[in-house]
Q: 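Here you go, one structure.
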Amino acid sequence: MFGLEALDLARIQFAFTISFHIIFPAITIGLASYLAVLEGLWLKTGQTVYRDLYHFWVKIFAVNFGMGVVSGLVMAYQFGTNWSAFSDFAGSVTGPLLAYEVLTAFFLEAGFLGVMLFGWNRVGPGLHFFSTVMVAVGTLISTFWILASNSWMQTPQGFEIVDGRVIPVDWFAVVFNPSFPYRLAHMATAAFLATAFFVGASAAWHLLRGRDTPAMRKMFSMALWMALLVAPIQAVIGDFHGLNTLEHQPAKIAAIEGHWDNSSGEPTPLILFGWPDMEREETRFKIEVPYLGSLILTHSLDKQVPALKEFAREDRPNSTIVFWSFRVMVAMGLLMILAGVWSLWLRWRGSLYRSRPFLYFCLWMGPSGLIAILAGWFTTEIGRQPWVVYGIMRTADGVSAHSAAQLGVTLVLFVVVYFAVFGAGFGYVMRLVRKGPVTGEGDHQDDGGPGTRHTPARPLSAPKEGLHDGDHGGAAANGRA
């Protein structure tokens, strides 16, 4: 297929499916914690705006959670179908880690998700809030185990190789491998930021259309406080993560920097832009800042960063891709910091909710968190190549014995089905966002029995209700999830 070998198609297929999948857990992680905060604030203050926002975002959370589960199942099957040699080699480590995720996170989420989604008028407020918190905790536990598995593949520790298979000998070392803390913090923070900008963009869309309500202001304000406080923290976490990567995966850092040669003996410059050419072994058309590469990556002005020519050709990651994917991620991060600082200035001026240039900026920043996550994962995974378990097993040795034709057909099927199924799901989420939260005064809630107006608990029923302005008050007064 297009001159690609079976290995290339297997990698593309896995990259395609994981790119779809990672979007849903990222939003699920952020929204679950956001919902816990909203319900906690409602219970503490009694302000109905928090309750109304909870009912709005819980529907989007439910749809997103469902799509995440479905796409995750496909990911699990691919380890056996497309990467059976890798599963046979390292399954004694990766298998239990994924099983721990199911036994802890997934069962915890499944146990409380029904109460969270459908128990608003069926259990007490304390139990319902506890259920929301448990679902949020479950998403973070899931992140813990998934990142432990991925980080072990990046910086493997705590194992022996016996008869051609990995045998864990120290589970603490396996889980808390050298890169795990940095990856966990970086990914969890990225999920919170991605959700914040998704929420902020939703509020900006409504504010630009004149729906200046307390709910929209609250959404917008909370999202931008998150950007102001957390985006700079993410930059600091990223710096620590980069130092850890320099220690354990120097070839990845060299590829990210597009840095080829240290023969000059001078400190490493930072290449801002350019085109790394893998064949010519140079970065063409580069724009660089002297000394800055050494300052950022070694925190000194005289140390050098490892160069790609220090590694054999077959051990070099594709610098052309990771050079640019890393810069896309950094660019999104800098724009997030800009959004936070700009919002603080507008708050001081009292025009946060009226500045149309800023509202349009936040609207266009809606997908920035997800773009940054995808770019970061491309950098992480492609930068690990040619290893599937870094320094232990090459990717070419982990693929199943399928033909290029078989993998080409399944890849086409994946593309068609994914765009159809998840495209419909994304379209439905956008319908919910366009509808916006249903707001109203009063805390009267009925049981939603026959003949009673209410906002349905079932997420797939939500857009059918309250399509006219006159329906907003009645739907909100019932306070249904």
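Note that the structure is a prediction, hence the values are computed from the model and not measured.
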Q: Got a sec, which residues hit side-chain hydrogen bond (donor to acceptor under 3.5 Å, both in side chains) with His206, two or more places apart in sequence or on another chain?
A: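 His206 satisfies side-chain hydrogen bond (donor to acceptor under 3.5 Å, both in side chains) with no residue once adjacent residues are dropped.
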
Q: Take Gln78 and Val74 through the test side-chain contact (heavy atoms from CB on, under 4.5 Å) and record every step on the way to the result.
A: CA-CA 6 Å; Gln78 279 194 80; Val74 175; 4.2 Å; yes

Q: Determine, step by step, whether Val137 and Val133 satisfy the side-chain contact (heavy atoms from CB on, under 4.5 Å) criterion, reporting the C-alpha distance in whole Å, the side-chain angles of both residues, the deciding distance to 0.1 Å, and the verdict.
A: CA-CA 6 Å; Val137 170; Val133 171; 4.2 Å; yes

Q: Are any non-hydrogen side-chain atoms of Gln234 and Ile337 less than 4.5 angstrom apart?
A: no

Q: Take a 6.0 Å sphere around CZ of Phe426 and say whether it holds more than 12 heavy atoms from other residues, nucleotides or ligands.
A: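 Atom CZ in Phe426 is not packed in, count stays at 12 or less.
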
Q: Using only atom types and a distance under 3.5 Å, with no angle test, would you say the side chain of Thr143 pairs donor to acceptor with the backbone of Thr139?
A: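 Answer holds: yes.
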
Q: Under 3.5 Å, is there a donor-acceptor pair between the Ser221 and Arg347 side chains?
A: yes

Q: Can you find a heavy atom in the side chain of Asn150 that is under 4.5 Å from one in the side chain of Trp377?
A: yes

Q: Restricting to non-hydrogen atoms, name the atom on Ser142 and the atom on Glu101 that form the minimum distance, rounded to 0.1 Å.
A: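 Smallest heavy-atom distance, with atoms named: OG-OE2, 2.5 Å.
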
Q: Could you list all the side chain to side chain donor-acceptor pair (under 3.5 Å) pairs where at least one residue sits in residues 22-41, not counting sequence neighbours?
A: Thr28-Asn64, Glu39-His128, Glu39-Thr132

Q: Going by the rule side-chain hydrogen bond (donor to acceptor under 3.5 Å, both in side chains), which residues pair with Ser355 if we only count those two or more places apart in sequence or in a different chain?
A: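 So Ser355 forms no side-chain hydrogen bond (donor to acceptor under 3.5 Å, both in side chains) with any residue.
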
Q: Please answer whether the main-chain N or O of Thr380 pairs with a side-chain N or O of Lys252 as donor and acceptor at a distance below 3.5 Å.
A: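 Yes, the answer is positive, given that a donor and an acceptor are paired below the 3.5 Å cut-off.
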
Q: Considering residues at least two apart in sequence or located in another chain, which fulfil the side-chain hydrogen bond (donor to acceptor under 3.5 Å, both in side chains) criterion with Thr395?
A: Gln385

Q: Apply ring pair (Phe, Tyr, Trp, His ring centres under 6.0 Å) to His248 and list each qualifying residue two or more places apart in sequence or on a separate chain.
A: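 Ring pair (Phe, Tyr, Trp, His ring centres under 6.0 Å) list for His248, sorted by chain: empty.
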
Q: The test is ring pair (Phe, Tyr, Trp, His ring centres under 6.0 Å); show your working for Phe144 and Tyr100 and say whether it passes.
A: CA-CA 10 Å; Phe144 178 94; Tyr100 296 154; over 10 Å; no

Q: For Asp170, what residues pass the salt bridge (charged side-chain N to carboxylate O under 4.0 Å, His left out) criterion, not counting sequence neighbours?
A: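 Applying salt bridge (charged side-chain N to carboxylate O under 4.0 Å, His left out) to Asp170 gives none.
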
Q: Checking side-chain hydrogen bond (donor to acceptor under 3.5 Å, both in side chains) for the pair Thr104/Trp145: CA distance, chi angles, key distance, verdict?
A: CA-CA 9 Å; Thr104 56; Trp145 290 115; 3.1 Å; yes

Q: Which value, rounded to the nearest 0.5 Å, describes the distance between Phe107 atom CZ and Leu103 atom CG?
A: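 These two atoms lie 5.5 Å from each other.
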
Q: To the nearest 0.5 Å, tell me how far Leu38 CG sits from Tyr50 OH.
A: 8.5 Å

Q: Please lay out, stage by stage, how Leu374 and Val328 fare under the test side-chain contact (heavy atoms from CB on, under 4.5 Å).
A: CA-CA 10 Å; Leu374 288 172; Val328 169; over 6 Å; no

Q: Taking all non-hydrogen atoms of both residues, which atom of Ala227 and which atom of Pro232 are closest, and how far apart?
A: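 For Ala227 versus Pro232, the nearest heavy atoms are O-CD, 3.7 Å.
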
Q: To the nearest 0.5 angstrom, please state how far the CG atom of Leu113 sits from the CE atom of Met134.
A: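 Result: 13.5 Å between the selected atoms.
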
Q: Can you name the nearest heavy-atom pair linking Leu224 to Ala339, along with the distance?
A: CD2-O, 4.3 Å

Q: Distance from Ile256 atom CD1 to Met329 atom CE, nearest 0.5 Å?
A: 7.0 Å

Q: Between Trp205 and Arg434, which heavy-atom pair has the shortest distance, and what is it?
A: CZ3-O, 3.8 Å

Q: Is a side-chain N or O of Arg349 found less than 3.5 angstrom from the main chain of Trp345, in a donor-acceptor match?
A: no

Q: Are the side chains of Leu297 and Glu257 in contact, using a 4.5 Å heavy-atom criterion?
A: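 When only atoms from C-beta onward are counted, Leu297 and Glu257 do touch, with a gap below 4.5 Å.
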
Q: Please evaluate residues Phe65 and Phe24 with respect to the criterion ring pair (Phe, Tyr, Trp, His ring centres under 6.0 Å), reporting the C-alpha separation (whole Å), side-chain torsions for both, the decisive distance (0.1 Å), and the verdict.
A: CA-CA 7 Å; Phe65 185 90; Phe24 305 122; over 10 Å; no

Q: Let's go through Trp57 and Phe198 carefully: what are the C-alpha distance in whole Å and the side-chain angles of both, what is the deciding distance for ring pair (Phe, Tyr, Trp, His ring centres under 6.0 Å) to 0.1 Å, and is it a yes or a no?
A: CA-CA 11 Å; Trp57 285 106; Phe198 178 44; 5.6 Å; yes

Q: Does the pair Ile29 and Thr195 meet the rule for a side-chain contact (heavy atoms from CB on, under 4.5 Å), with working shown?
A: CA-CA 8 Å; Ile29 294 164; Thr195 303; over 6 Å; no

Q: Search all heavy atoms of Trp171 against all heavy atoms of Pro96 and return the closest pair with its distance.
A: CH2-CB, 3.7 Å

Q: Kindly write out the residues that satisfy ring pair (Phe, Tyr, Trp, His ring centres under 6.0 Å) with Phe378, not counting sequence neighbours, or none if the list is empty.
A: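 Counting only residues at least two positions away or on another chain, Phe378 forms no ring pair (Phe, Tyr, Trp, His ring centres under 6.0 Å).
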
Q: With Glu109, which residues qualify under salt bridge (charged side-chain N to carboxylate O under 4.0 Å, His left out), at least two apart?
A: none

Q: Closer than 3.5 angstrom, by distance alone: can the side chain of Asn244 be matched with the main-chain N or O of Pro178 as a donor-acceptor pair?
A: yes

Q: Where the side chain of Ser351 meets the backbone of Arg354, is there a donor-acceptor pair that is under 3.5 Å apart?
A: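 No, because the side chain of Ser351 does not come within donor-acceptor range (under 3.5 Å) of the backbone of Arg354.
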
Q: With Tyr54 as reference, evaluate Phe129, Phe61, Trp42, Trp120 under the ring pair (Phe, Tyr, Trp, His ring centres under 6.0 Å) test and give the passing residue.
A: Trp120

Q: Roughly how far, to the nearest 0.5 Å, is CG of Leu97 from OG of Ser149?
A: 5.0 Å

Q: Evaluate the criterion ring pair (Phe, Tyr, Trp, His ring centres under 6.0 Å) for residue pair Phe20 and Phe419; output intermediate values, then yes/no.
A: CA-CA 9 Å; Phe20 264 86; Phe419 274 105; 5.5 Å; yes

Q: Could you list the residues that satisfy ring pair (Phe, Tyr, Trp, His ring centres under 6.0 Å) with Phe86, not counting sequence neighbours?
A: none

Q: Report yes or no: does Thr189 contribute a side-chain atom to a donor-acceptor pair with the main-chain N or O of His186 at less than 3.5 Å?
A: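 A pair under 3.5 Å: no.
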
Q: Rounded to the nearest 0.5 Å, what separation is found between the CG atom of Leu246 and the OG1 atom of Thr298?
A: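 Going from CG on Leu246 over to OG1 on Thr298, the span is 8.0 Å.
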
Q: Does CZ in Phe16 sit with more than 12 non-hydrogen atoms of other residues, nucleotides or ligands closer than 6.0 Å?
A: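 Check passes, neighbour count above 12.
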
Q: Examine Phe159 together with Trp152 and report whether their ring centres are nearer than 6.0 Å.
A: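 Yes, the ring centres sit under 6.0 Å apart.
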
Q: State whether a side-chain donor-acceptor pair under 3.5 Å links Gln154 with Asn177.
A: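 Gln154 vs Asn177: no donor-acceptor pair found between side chains.
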
Q: Determine which pairs satisfy salt bridge (Lys or Arg N to Asp or Glu O under 4.0 Å) with at least one residue from residues 216-239, sequence neighbours left out, and list them in order.
A: Asp212-Arg217

Q: Which residue pairs pass the side chain to side chain donor-acceptor pair (under 3.5 Å) test with at least one member in residues 321-342, sequence neighbours excluded?
A: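 Passing the test, one end in residues 321-342: Ser325-Thr379.
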
Q: Can you name the side-chain hydrogen bond (donor to acceptor under 3.5 Å, both in side chains) partners of Arg11, sequence neighbours left out?
A: none

Q: If you compare all heavy atoms of Leu207 against all heavy atoms of Arg211, which two are closest, and at what distance to 0.1 Å?
A: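 So the minimum-distance heavy-atom pair works out to CD2-O, 3.9 Å.
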
